[in-house]
Amino acid sequence: DTAVSQTPKYLVTQMGNDKSIKCEQNLGHDTMYWYKQDSKKFLKIMFSYNNKELIINETVPNRFSPKSPDKAHLNLHINSLELGDSAVYFCASSQALGGTRNTIYFGEGSWLTVV
Amino acid sequence: ILNVEQSPQSLHVQEGDSTNFTCSFPSSNFYALHWYRWETAKSPEALFVMTLNGDEKKKGRISATLNTKEGYSYLYIKGSQPEDSATYLCASMNSGYSTLTFGKGTMLLVSP
């Protein structure tokens, strides 16, 4: 079983559309994240949820809205997609937020292309 | 915001060669340093979590060292194999920031 799974893996969509990327972890972790690999290839944190509560919200446009229905799921909704949103988005989880237990387990990434 | 730098950006070695690369991070308020291995189209996979100055960790042919006072970590691969080809990411955490900041990675290609 995949520990952190995200869908879809590939998504091509037009500017202005609204899309969602789903993420589920079966590791029993309390904390989930969304990372974005930017154009310079850095993996940058977007959001972090701990036990369904938003903990970290980096300077991400409010067109991006995470939703955590339970601690095993963290979905990413993106409204009014723009060309600059094209990137690889990684979902991840860890046992806890912060501390040495913070080994992060990643999904395989979702390649979003906005045309 | 932490600034984590890795060098070299890419590396091409022959099978059997030993190699190493560097991760530099701010040493103030250091808390933890992570190394990940990332093959294209797969999930980044955790290799090591290091916290103490002078730490050395080993996993098979891969090992890592940590110097928290000067803010660097080395990753070593002994006798590189083609299956070692991947991007190696390091990420640092300081005590004032509760998540990891990643470097750009070192892309390693091992030719048979």
Any non-hydrogen side-chain atom of B:Tyr36 less than 4.5 Å from a side-chain atom of A:Phe106?
yes
Would you say NZ of B:Lys78 has more than 12 non-hydrogen atoms from neighbouring residues, nucleotides or ligands within 6.0 angstrom?
no
Are any non-hydrogen side-chain atoms of A:Phe90 and B:Ser43 less than 4.5 angstrom apart?
no
Any chain of hydrophobic side-chain contacts (each under 4.5 Å) joining B:Trp35 to B:Met107?
no
Within the distance-only criterion (no hydrogens, no angle test), does the side chain of A:Lys9 pair as donor or acceptor with the backbone N or O of B:Ala41 below 3.5 angstrom?
yes
Residue B:Gln9 excluded, over 12 heavy atoms near CD under 6.0 Å:
no
Where A:Phe42 and B:Val4 come nearest, the two heavy atoms and their spacing
CE2-O, 4.2 Å
Mind checking whether B:Leu100 and A:Tyr35 have side chains closer than 4.5 Å, heavy atoms only?
yes
Most heavy-atom pairs under 4.5 angstrom with chain A, which of B:Pro44, B:Ala91, B:Ala46?
B:Pro44
Got a sec: does the CD of A:Glu53 have more than 12 other heavy atoms crowding it under 6.0 Å?
no
In terms of hydrophobic clusters joined by side-chain contacts under 4.5 Å, are A:Leu112 and A:Val4 together?
no
Same hydrophobic cluster for B:Leu75 and B:Leu11, using side-chain heavy-atom links shorter than 4.5 Å among ILVMFWY?
yes
Measure the CD-CD1 distance between B:Glu45 and A:Ile104 for me, rounded to the nearest 0.5 Å.
14.5 Å
Quick one: pull up CZ in B:Phe102 and CD in A:Gln37 and give me the separation to the nearest 0.5 Å.
11.0 Å
